[in-house]
Protein chains: 2
Amino acid sequence: MSEAPSGTDTRARIQDVALELFTEHGYEKTSLREIADRLGVTKAALYYHFKSKEEIVQTLIEERTAVLEDLWSWIATQPRSAGTRREFIRRYAAELHRGRYHMQVMHLIERNPTLGQNISGVERMRGRLAELMALLSPPDASPQRRLKGSLGLIAIHASSVVLRDLDLTDEERLAAALDVALELVD
Amino acid sequence: MSEAPSGTDTRARIQDVALELFTEHGYEKTSLREIADRLGVTKAALYYHFKSKEEIVQTLIEERTAVLEDLWSWIATQPRSAGTRREFIRRYAAELHRGRYHMQVMHLIERNPTLGQNISGVERMRGRLAELMALLSPPDASPQRRLKGSLGLIAIHASSVVLRDLDLTDEERLAAALDVALELVD
DNA sequence: GTCTATATCGGGATAGAC
DNA sequence: GTCTATCCCGATATAGAC
C-alpha cells in the first residue's frame, strides 16, 4: 500500500513527485510539465497513468480518507471517554509513522482552498476530519473544551511547522506533539 | 485606516472583493475578471488602481504586517513573563475586533503556499508571525511548552473554522478562543 | 509506456479611445 | 476613472507515431 517499489512503478512515482510539488508550491501553481520534468518524462506520459491532473490529487486524497474513515469507524464504537480520546490520538500519531505521506496530504487539503470546490472526495475528507475533531471532547462540552479537543489534532499537524527551527528529529517533534495533544483531549 | 468610505473609494472596494475571493477560492484560482465582474467594472479598470494582481495582495498583506510589527515592537520591550504573554493575546484579540479583515488575511497567507515564493512582504510577515509564536513561551521552554504557546495564537485563528457548526456569534467564538489561548500561554 | 506535435482555452497585462 | 480590443503566454488535454 505505501511501499513504493522504486523500480518500475511509475504511477507511484508520479504520485510522490506530484504530492511534493503540490504541497510545496500549491496545487494550482504546479504544472504537469514540472511534474513530468522532475521524473524525466513528458506531460503526455502522465496521461497514460492518470486521465487528468485532478485524478492525481484525487487518488492521493482517497487513500488518506480511507485511513480517516477507519479511525472514525473505530472511535464511533467506543465510549466517549477521555481514555478513548487519548487512544485515538495515539492511533493517529502511529498512522503518521506508517503511511509515509499522511501528513503531507493533510497539509495539502488544509492549505489549498481550491481543492474541494471541484475535486470530489475532498469534501468528504474535510467532513470526516471535522467529525473526528468534534469527537475529541465530551458530548456536552463547552466551546472551550471543543476547541481544545480539536487543537489536539491540530497540534500534531502544526508541530512540524511550529517546531521547525528547534533542531529536533521528526520523532522528537512528534513525541512532543503527542504529549501536548494528549493533554488537550484530556 | 479600516474605514471603507463605501461611496467612492474604488480602491478599497477592490481590496474588499479581492480578499473575499482570494480567501474563498484561493489566490491562484481567482481571476481578475471575477473581481472586476463582481464590482461591475472591467479588468482594465483594476489596472488603473493596481499595477498587477500581485500588488493587490501585497497591499493587503503589508497593512497586516504593520499590525504584527507593532505588536512585536511592544512585546520585545516587555519581560518574558506569563503576564506579558497573556496581555499579548488580549491585544491580538482586540486587533481582530478593530481591523476588519485581519483574520481573513491571516487565513489567506496560511492557506496559500504560493504566496511568499514570489510575493515580496509575505516572507517578512511569516517571519514576524513565527517570532511572535516563539515569544509565547518562556525563553528556555521545552518543545512541549513552545508548541503550546504557538497553539495559543493558532487557537484564535482556528476558532472560526473549528467552532463553525456550534451556532455561536463571532463574539462568543472569539471569547471562547481567548479563554483557551490564555490558558495555553500560561 | 513514452514520445512529438498540436488544439484549445483562459489568464494577466497593455494600448489607446472616451 | 473606466471602457473596448488585443497581445502574449502558459496550462490542460488530445492525436497519433514509435
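Values below: all heavy atoms of this structure, side chains included; hydrogens, waters and symmetry mates excluded.
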**Asked** Under 4.0 Å: is that the gap between some side-chain N or O of Y48(B) and OP1 or OP2 of dT2(D)?
**Response** no

**Message:** In whole Å, I'd like the distance from the CD1 atom of I56(A) to the P atom of dT12(D).
**Reply:** 9 Å

**Asked** Hey, are the side chains of L184(A) and I89(A) touching, using non-hydrogen atoms and a 4.5 Å cut-off?
**Response** no

**Asked** Under 4.0 Å between a side-chain N/O of T42(A) and OP1 or OP2 of dC3(C), yes or no?
**Response** yes

**Asked** Taking only side-chain nitrogens and oxygens of T10(A), does any of them come within less than 4.0 Å of OP1 or OP2 of dG1(C)?
**Response** no

**Message:** In this structure, how many angstroms lie between the P atom of dG12(C) and the CD1 atom of I119(B), rounded?
**Reply:** 12 Å

**Message:** Check whether S73(B) reaches the backbone of E69(B) with its side chain - one donor and one acceptor, N or O, closer than 3.5 Å.
**Reply:** yes

**Request:** For D165(B), look at atom CG and say whether over 12 heavy atoms of other residues, nucleotides or ligands are found less than 6.0 Å away.
**Result:** yes

**Prompt:** Is there side-chain contact between Y101(B) and L60(B), with heavy atoms separated by less than 4.5 Å?
**Reply:** yes

**Item:** Heavy-atom pair of closest approach, residues M125(B) and V105(B)
**Value:** CE-CG1, 4.4 Å

**Asked** How long is the line joining CG of L21(B) and P of dG11(C), in whole Å?
**Response** 13 Å

**Asked** Separation of K51(A) atom NZ from dA13(D) atom P, in whole Å?
**Response** 9 Å

**Request:** Measure the shortest side-chain to side-chain distance between L68(B) and Y92(B) over non-hydrogen atoms and say whether it is less than 4.5 angstrom.
**Result:** yes

**Request:** State, with a plain yes or no, whether a side-chain heavy atom of K29(B) is found less than 4.5 Å away from one of N112(A).
**Result:** no

**Rounded distance in Å - CZ (F50(B)) to C1' (dT2(D))** = 15 Å

**Request:** For the residue pair F88(A) and W74(A), categorise the inter-ring angle as parallel (less than 30°), tilted (30 to 60°) or perpendicular (more than 60°).
**Result:** parallel

**Item:** base_contact_polar (dG11(C) base, K43(B) side chain, donor-acceptor, <3.5 Å)
**Value:** no

Nucleotides 7-9 of chain D: which of its N/O atoms have a protein N/O under 3.5 Å away?
none

**Message:** Below 4.0 angstrom, which residues in residues 27-37 of chain A have at least one non-hydrogen atom near DNA chain D?
**Reply:** T30(A), S31(A), L32(A)

**Prompt:** To the side chain of Y47(B), which of dT2(D), dG12(C), dT12(D) is closest?
**Reply:** dG12(C)

**Prompt:** Cationic tip of K53(B) within the cone over Y47(B)'s six-membered ring, i.e. under 6.0 Å and within 45° of the normal?
**Reply:** no

**Request:** Figure out the CZ/C1' separation between R13(A) and dT2(C), and round it to whole Å.
**Result:** 13 Å

